[in-house]
> 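The structure under discussion is supplied below as structure tokens; questions concerning it will follow.
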Amino acid sequence: MAKKLVLLDHDGGVDDYLATLLMMTMDNVEPLGVVVTPADCYPQPAVSATRKILDLLGRFNVPVAESTVRGVNPFPRLYRRDSFIVDHLPILNEQEQIRTPLVQETGQEFMVRSLLAAPQAVTLMVTGPLTTVAAALDLAPEIEQKIQEIIWMGGALNVPGNVEKSLEAGQDGSAEWNAYWDPIAAERIWRTTIPTIVCPLDITNKVPVTSEFVYKLGKQRKYPVSDFAGQCYALVIPQDYYFWDVLATTYLAHPEFYQLREWETVIVPTGKSQGRTKIETGGKKILVMDTVEQEKYYAYILEQWAR
Ligand SMILES: [Ca+2]
């Protein structure tokens, strides 16, 4: 079977490194590269950590690119500083030199070049804001034909968002962070005809990172990937943490674990609901991950990380 060509665009959160780790283990995926969108992170440590993770996996041929886009609503500094912690974990720092290449062009330029050069249409796996994709489309609108689909972790349809009212003055709490960081960019993507599969908070709320799961990783920590993943989850377990990006990314390898449901939605671009993914008749038709077979999902990631 031909492999699925995938370009990963992540935004440097703890969950994003783990999504990277998972995607690189997938036999049915040919990764074209990893773009780091500087949202839930600081860009320098996020790019560095991403390259070290690819080194850890021995994937020295997968290039990493730093996107230079900026969102209108920055992530809280407390979230973003995790990128420094992950970049300094001992397991990522056994070697003096990073081997995974950092491309010299910007992430958005790299996205354009990779899509144009690809022999067939490419899946964009996006686990952060849609800003880099929007910037790439602005640079070269013709790439729209080369995008097979966007699989996106983002949005909140029938549940509250995760942008807290108390943290973000004037907001009504309906937005999810990846959409809220840059609602204009999300709206830009919603105006395209690119098939879009969304993993919103509606489903991720049902798939928590449990202590039980982290202890299972601990039991297989003789494997470097499990050891690294366990350390990352230990870092975030005091927060209410869910499988956001990792759940979305698993879809690439096992779509049959999920039930999808079609919704017509719009993105609210401005105002107190900015970044809300609102169900509205006549809006963009998107496919939404509605349910997942949780036992199979947990078993799959434990198995993939046993290396
Ligand atoms: Ca993310």
Side-chain angles (χ1 to χ4, degrees), residues 6-24 31 33-51 53-54 64-67 69-87 107 111 123-135 150-156 161-164 175-183 185-186 189 196-205 207-209 228-229 232-233 235-237 239-252 275 277 289 301:
V6 183
L7 186 60
L8 174 63
D9 175 353
H10 80 57
D11 74 327
V14 172
D15 207 19
D16 295 274
Y17 304 122
L18 296 163
T20 306
L21 207 58
L22 185 66
M23 193 181 109
M24 297 303 152
V34 181
V35 175
V36 179
T37 293
D40 188 10
C41 66
Y42 291 92
Q44 185 275 326
V47 167
S48 172
T50 300
R51 294 169 68 208
I53 287 165
L54 293 169
V64 174
E66 179 184 335
S67 164
V69 300
R70 294 294 181 265
V72 287
N73 298 304
F75 272 84
R77 290 193 169 86
L78 193 65
Y79 301 3
R80 296 168 66 198
R81 66 177 200 173
D82 285 344
S83 52
F84 280 104
I85 298 173
V86 173
D87 187 44
M111 187 175 280
T123 295
L124 295 182
M125 181 70 234
V126 184
T127 59
L130 290 161
T131 313
T132 302
V133 182
I150 295 174
I151 301 176
W152 184 50
M153 192 280 125
N162 57 2
V163 173
E164 291 170 42
E176 178 280 329
W177 262 108
N178 285 341
Y180 180 68
W181 194 73
D182 188 354
I189 302 306
T196 305
I197 301 172
V198 175
C199 178
L201 297 183
D202 305 60
I203 183 168
T204 62
N205 283 350
V207 191
V209 176
F228 172 69
C232 286
Y233 283 129
L235 174 69
V236 294
I237 201 98
Q239 307 160 32
D240 224 9
Y241 215 81
Y242 295 85
F243 287 98
W244 293 292
D245 300 349
V246 174
L247 182 65
T249 303
T250 299
Y251 184 84
L252 287 169
T277 35
M289 298 180 199
I301 49 181

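When a ligand or atom number is given, it counts from 1 through the structure's own listing order.
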> Can a donor-acceptor pair be found, under 3.5 Å and without considering hydrogens, that links the side chain of W244 to the backbone of P200?
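Looks like no, no N/O pair under 3.5 Å.
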
> N/O/S of T127 less than 3.0 Å from the Ca ion (ligand 1)?
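T127 does place an N, O or S atom closer than 3.0 Å to the Ca ion (ligand 1).
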
> For the pair N162 (side chain) and W177 (backbone), establish whether a donor and an acceptor sit closer than 3.5 Å, ignoring hydrogens and angles.
yes

> Spell out, as yes or no, whether a donor-acceptor pair under 3.5 Å connects the side chain of S48 to the backbone of Q44.
no

> Which N/O/S atom belongs to D245 and is the closest one to the Ca ion (ligand 1)?
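For D245, the N, O or S atom at the smallest distance from the Ca ion (ligand 1) is OD2.
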
> Please give the atom name: the N, O or S atom of D11 nearest to the Ca ion (ligand 1).
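Of the nitrogen, oxygen and sulfur atoms in D11, the Ca ion (ligand 1) lies nearest to OD1.
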
> Is E176 reaching over with its side chain to a backbone N or O of N178, donor-acceptor style, under 3.5 angstrom?
yes

